[in-house]
Visitor: 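Just passing along the structure, written as structure tokens.
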Protein chains: 2
Amino acid sequence: MNKIDTHNSKGGDERSTATSLLRLGTRLKLSRQTRGLTLKALAAAANCSESLLSKVENGKISPSLPMLHRLVEVLGTNIGWMFEESDGEEGIVFRAGARPLIALDPLRRGEGISLERVIPYSPGHLLQCNIHHIEAGGESAGPIQHAGEEVGYLLEGAIDLMVGEKTFRLTAGDSFVFNSELPHWYRNVGDERASIFWVNTPATF
Amino acid sequence: MNKIDTHNSKGGDERSTATSLLRLGTRLKLSRQTRGLTLKALAAAANCSESLLSKVENGKISPSLPMLHRLVEVLGTNIGWMFEESDGEEGIVFRAGARPLIALDPLRRGEGISLERVIPYSPGHLLQCNIHHIEAGGESAGPIQHAGEEVGYLLEGAIDLMVGEKTFRLTAGDSFVFNSELPHWYRNVGDERASIFWVNTPATF
DNA sequence: GAAGCTAATTCAAGTGACTTGACAAGAAAT
DNA sequence: ATTTCTTGTCAAGTCACTTGAATTAGCTTC
């Protein structure tokens, strides 16, 4: 029996099976998108077809365990996280070092960058918040533009932050605010890892 | 002369023309996306081709004034907004130690607390952001409730954060997120100053 | 162990949103 | 008037993702 959820269940169970499938799919999709991967890319990396992924993400089928395992491996999460119950009331506090870490796809989102998720995914959040860890020499890929506002605080290291036409050299403790419409990107200019606490409005992904 | 920007200019101007075109395009695109319209839909509403819109949004061509007028009309903005210089440019970066510091009224807001303003007060900000410095033994006054969402990160020290019915002990590096409607307050439980990087959506959401 | 089922997986074709390039129609400059 | 712009259209192309039919793998059950 390879699948996650048996279908021997009948009647009332069917529905909850369906929604849990969908939740799994949603999380997988989110993980993928956060990393800037396309279905094709992920399929290649996890050695399966795009089609399969599409169906899994949309809750049409449930992946086999080996399959799911390969997926979370590529995505850098763990299976547990995919099934964690949504954090109503709990999940207010997240401990240092216990937050999910996501490596970005170097080609699409930037070189040597990983995101530490501060706000877990669940629909209805007004804010998006990650700690960007940038290895020495790392930099974000091409400028990004979207609606909203960005605010951040440099926890450690030194970066050049480019916003609009200007470049700013930031060191630990410096902060910034700007309109997301302005194209922006950054580069680690120190010898060590730089970390930025970064918050922005709507998660218009 | 139908276009926005003349091309008689030569040399150095060309570049700025190009970027201003791109900015216009970006804003148009943003307006469209915010409204959830596709190129096709907008094209139909503004009576032009998708292709044209695509080019305008990508700064490949500049729309004629009548065209632009129809666009902003459908999008419900005005032409002026499309060209407004974004206020930003200045006031993007705030240096550690150079941010305005505000001592809270002990009676009304809390004991031994000062706020370091990260986002300057000015209308039109979507976010509110302060670093809360809490002296040893200090605590916020009675619980606060408002609409929106809060996210924070403990920069240094140790605090007890009370949200709803629960209390959490936080140390440096821990983070939290919660709905602003939940009553919340905090207390410094360490021997030294505690600092929290705190972001919230303004009540006007 | 073969027969039969069910559900995961694939391949190939389809769709929707956007882009690009070749060309037509107007204005502007000569 | 003719040449040279540039906006605008049409049709073809691309990219990311979906859908559907066909195949395959993994159990059950005889």
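Bear in mind the structure is a predicted one, so any value in this text is a computation, not a measurement. Order of the sequence lines fixes the chain letters, A, B, ..., with proteins taken first and strands second; residue numbering starts at 1 for each chain. Basis for what follows: all heavy atoms, side chains included, without hydrogens, waters or symmetry-related copies.
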Visitor: At under 4.0 Å, does any side-chain N or O of B:S64 touch on OP1 or OP2 of D:dG8?
Guide: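 For B:S64, the contact criterion (side-chain N or O under 4.0 Å from OP1 or OP2 of D:dG8) is met.
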
Visitor: How many whole angstroms separate atom CG of A:L39 from atom P of D:dT19?
Guide: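 The distance from CG of A:L39 to P of D:dT19 comes to 12 Å, rounded to the nearest Å.
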
Visitor: Tell me every residue that passes side-chain hydrogen bond (donor to acceptor under 3.5 Å, both in side chains) with A:R70, counting only those two or more places apart in sequence or in another chain.
Guide: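 With sequence neighbours excluded, A:R70 shows a side-chain hydrogen bond (donor to acceptor under 3.5 Å, both in side chains) to no residue whatsoever.
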
Visitor: Taking atom OG of B:S114 and atom CZ of B:R193, what is their separation to the nearest 0.5 Å?
Guide: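 One finds 6.5 Å between OG of B:S114 and CZ of B:R193.
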
Visitor: Atom OH of A:Y186 and atom CH2 of A:W198: how far apart are they, to the nearest 0.5 Å?
Guide: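 Here the rounded value is 6.0 Å.
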
Visitor: Expressed as a whole number of angstroms, how long is the span from A:L68:CG to C:dA8:P?
Guide: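 To the nearest whole Å, that distance equals 12 Å.
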
Visitor: Taking C-beta and beyond as the side chain, do B:I196 and B:N130 meet within less than 4.5 Å on heavy atoms?
Guide: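 Answer no - side chains too far apart.
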
Visitor: Taking side-chain hydrogen bond (donor to acceptor under 3.5 Å, both in side chains) as the definition, give me every residue that meets it alongside A:S31, ordered by chain and number, with sequence neighbours left out.
Guide: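 Partners of A:S31 under the side-chain hydrogen bond (donor to acceptor under 3.5 Å, both in side chains) test: none.
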
Visitor: Which residues within residues 47-56 of chain A lie with some heavy atom under 4.0 Å of an atom in DNA chain D?
Guide: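 The stretch gives A:E50, A:S51, A:S54, A:K55 as the residues lying under 4.0 Å from the strand, ordered by number.
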
Visitor: Once ring pair (Phe, Tyr, Trp, His ring centres under 6.0 Å) is applied, do any residues pair with A:Y153, and if so which ones, sequence neighbours excluded?
Guide: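 Listed in chain order: B:F197.
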
Visitor: From the options C:dA17, C:dT9, C:dA8, select the nucleotide whose nearest atom is closest to the side chain of A:M67.
Guide: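 Selected nucleotide: C:dT9.
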
Visitor: What residues form a side chain to side chain contact (heavy atoms under 4.5 Å, CB included) with B:V74, not counting sequence neighbours?
Guide: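 Result, side chain to side chain contact (heavy atoms under 4.5 Å, CB included) vs B:V74: B:L42, B:A45, B:A46.
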
Visitor: Where the side chain of A:R32 is defined as all heavy atoms beyond and including C-beta, which of D:dC17, C:dA8, D:dG8 is the nearest nucleotide?
Guide: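 Selected nucleotide (nearest to the side chain): D:dC17.
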
Visitor: Write down the distance between CD (A:E57) and C1' (D:dC17), rounded to a whole number of angstrom.
Guide: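 Rounding to the nearest Å, CD of A:E57 and C1' of D:dC17 are 9 Å apart.
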
Visitor: Enter the distance from B:R99:CZ to B:I131:CD1 here, rounded to the nearest 0.5 Å.
Guide: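 Answer for the CZ-CD1 pair, B:R99 versus B:I131, is 4.0 Å.
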
Visitor: Round to a whole Å and report the spacing from CG of A:N58 to P of D:dA16.
Guide: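 About 17 Å, once rounded to whole Å.
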
Visitor: When rounded to the nearest 0.5 angstrom, what distance separates CD1 in B:I134 from CZ in B:R187?
Guide: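 If I round to the nearest 0.5 Å, the distance is 11.5 Å.
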
Visitor: Could you please name the option among D:dA16, D:dT19, C:dT20 that lies closest to any side-chain atom of A:K60?
Guide: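 Per side-chain heavy atoms of A:K60, the pick is D:dT19.
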
Visitor: At 4.0 Å (heavy atoms only), tell me whether B:I61 reaches a base, stays on the sugar-phosphate, or touches nothing.
Guide: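 Sugar-phosphate, backbone atoms only, no base.
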
Visitor: Which ones in residues 69-77 of chain B lie close to DNA chain D, meaning a heavy atom under 4.0 Å from one of its atoms?
Guide: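 Residues of residues 69-77 of chain B that come under 4.0 Å of DNA chain D do not exist, since none gets that close.
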
